[in-house]
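Please read these numbers as outputs of a predicted model, since none were measured by experiment.
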Amino acid sequence: MTRKLISDPEPLQPGYIPSDFVNRENTKTALSNLIGPDSSRNIHLQGPEGTGKTHLTLLQVNKLDQVNTCYVDCKNSDTQYKALRQVLQSLTEEPVNTGYHTSDLQRKIEERTGAIQTVIVLDEIEFLLENSGDSLLYFLSRMENQPKVNVITISNQNLNLQKQVEVRTFSSLQPYPITLEPYTGEDVYDIILDRARKSLRPQTVQKSSLTYIASKTTNPRLGIQWLKTAAETADKIITETHVQQIEEKAINEYIDQLLEPFTEHHSLLFQAIQDLAENTDTTIQTGDVYQSYQELCQSQEVESLSNRRISDHLKQLELLNLIKAEYYYGGAKGKTREIRLNYAGSYSKS
DNA sequence: CCTCCACAGGAACCGGTGGGAA
DNA sequence: TTCCCACCGGTTCCTGTGGAGG
């Protein structure tokens, strides 16, 4: 039933790496100048979601010969310990069990990086910094005495690395900053047009439908998901009207995808916020959210977590850019934060 | 000037898990 | 085997916050 329009599903998948990137020549040049056999700069790459930070970095790093590459997704490895395990696993190419002392892992990593140049990529570093501070970066920066280790940190545009880590860490890391500009509507149009050409049968997309998507979002990931949802649900041809009709569904599928690596409670919490946002015009505070979350848990017969824990989960939803929060540390409203949704669309578990 | 709002977020602690030494 | 110790997700406890209203 679906797939009628799709000849090759790959270019519509979230993990697909295009052979070329729209509007990223400067970034590519900068990366290839900085990452190489005779360069040993640490780098901090920053920019909005879906602008190619991770892919461009890995493309460059994978070009190198005779270099150890360690990629750590800090959304999953959000403590020093988990990240160190990940690094060591990359170096030894065999699984590293838990149970070791942190300093054991550190020692083993130091032993293995002494002789060979090693590039450590820490993707979505904001999750690790938020959860367990800068102890990992401090260790890595201290390892700089071993000049063969380069650290590349990648984060969304909201992070201020220098403010988030201690002075001693930042000053010995001295990362070279690379900022990726947000994509414009035209860029997004080019990107989804390219994906449509690669994956859809000829004459199955009206141009106006792509224009509509590009006018609604500057986030290519959402745009591509939108196109994918449209292609999976359209009859013979993707029209502008069809794209409009499935807007909510597309956003929900994008959000599901974002929340997929997280726990059931993150999803419940987000759903609780959406319920509140739909039913109230006033601003939402943490207390309302927690109550709504508890009720939702009860109706689903799930045991709710403590509000302290949920406070941390909220922070993670904020890092995912799913919600915006404004913090008040006292004042008329008390000590709280006001929460808003970043995407309109209502959430439904599929 | 005092009090209260209403939760942020640090600290200490708990039980389960898994490696290492005796 | 037994004992010890570290990590981790989670909980409980607690202190701090700054302006509006009394």
| Phosphate OP1/OP2 of B/dC7: any A/Thr286 side-chain N/O under 4.0 Å | no
| Expressed in angstrom and rounded to an integer, what is the separation of A/Ile284 atom CD1 from B/dA6 atom P? | 16 Å
| query | Salt bridge between A/Asp78 and A/Lys82, side-chain N to carboxylate O under 4.0 Å? | reply | yes
| query | salt bridge (charged side-chain N to carboxylate O under 4.0 Å, His left out): which pairs involve residues 9-37 of chain A, sequence neighbours left out? | reply | A/Asp20-A/Lys28
| query | How would you label the contact of A/Ser306 with the nucleic acid (heavy atoms, under 4.0 Å): base, sugar-phosphate, or nothing? | reply | base
| request: May I ask you to check whether A/Tyr100 and A/Tyr81 place their ring centres under 6.0 Å from each other? | output: no
| said: Measure OH/A/Tyr328 against C1'/B/dG9 and give the value in whole Å, please. | reply: 19 Å
| field | Length of the CG-P vector between A/Leu105 and B/dG19, whole Å | value | 12 Å
| message | At 4.0 Å (heavy atoms only), tell me whether A/Tyr290 reaches a base, stays on the sugar-phosphate, or touches nothing. | response | nothing
| message | Regarding A/Lys333 and A/Glu338, does a basic nitrogen lie under 4.0 Å from an acidic carboxylate oxygen? | response | yes
| Expressed in angstrom and rounded to an integer, what is the separation of A/Leu314 atom CG from B/dC7 atom P? | 11 Å
| A/His265 or A/Gly99: which one's nearest nucleotide on DNA chain C is closer to the 5' end? | A/Gly99
| query | Does C/dG9 have OP1 or OP2 sitting under 4.0 Å from an N or O in the side chain of A/Lys82? | reply | yes
| query | With respect to the phosphate group of C/dC8, does any side-chain polar atom (N or O) of A/Thr79 fall under 4.0 Å of OP1 or OP2? | reply | yes
| So, is A/Thr98 near the phosphate of B/dG19, with a side-chain N or O under 4.0 Å from OP1 or OP2? | no
| request: Validate the cation-pi geometry between A/Arg168 and A/Tyr138: distance from NZ or CZ to the six-membered ring centre under 6.0 Å, angle to the ring axis within 45°. | output: yes
| field | For atom CD of A/Glu318 and atom P of B/dA8, their distance in whole Å | value | 11 Å
| query | Starting at CD of A/Gln316 and ending at P of C/dG10, how long is that distance when rounded to a whole Å? | reply | 10 Å
| said: Can you see whether A/His265 engages A/Thr263 through a side-chain donor-acceptor pair at a distance of less than 3.5 angstrom? | reply: no
| Given B/dG20, is OP1 or OP2 found less than 4.0 Å from the side-chain N or O atoms of A/Tyr100? | yes
| query | Quick one: is B/dG9 close enough that its OP1 or OP2 comes under 4.0 Å of any side-chain N or O from A/Tyr329? | reply | yes
| said: At less than 4.0 Å, is any side-chain N or O atom of A/Asn97 found next to OP1 or OP2 of B/dG19? Yes or no. | reply: yes
| Residue-phosphate contact under 4.0 Å: A/Arg308 side-chain N/O, C/dT11 OP1/OP2 | no
| task | Calculate, to the nearest 0.5 Å, the distance between atoms OH and CG belonging to A/Tyr183 and A/Asn219 respectively. | result | 11.0 Å
| Whole-Å gap separating P (B/dG9) and NE2 (A/His313) | 16 Å
| query | Where each residue is assigned the nucleotide of DNA chain B containing its nearest heavy atom, which of A/Asp104 and A/Ala332 is assigned the position nearer the 5′ end? | reply | A/Ala332
| note | From CG of A/Leu84 across to C1' of C/dA6 the rounded distance in Å is 13 Å
| Through what angle, rounded to 10 degrees, does the axis of the helix from B/dC1-C/dG22 to B/dA22-C/dT1 turn between its ends, using five pairs per end? | 30°
| note | Separation between OH (A/Tyr212) and CD (A/Glu240), nearest 0.5 Å, reads 7.5 Å
| request: When you get a sec, tell me which of C/dG9, B/dA8, B/dC7 is the closest nucleotide to the side chain of A/Arg309? | output: C/dG9
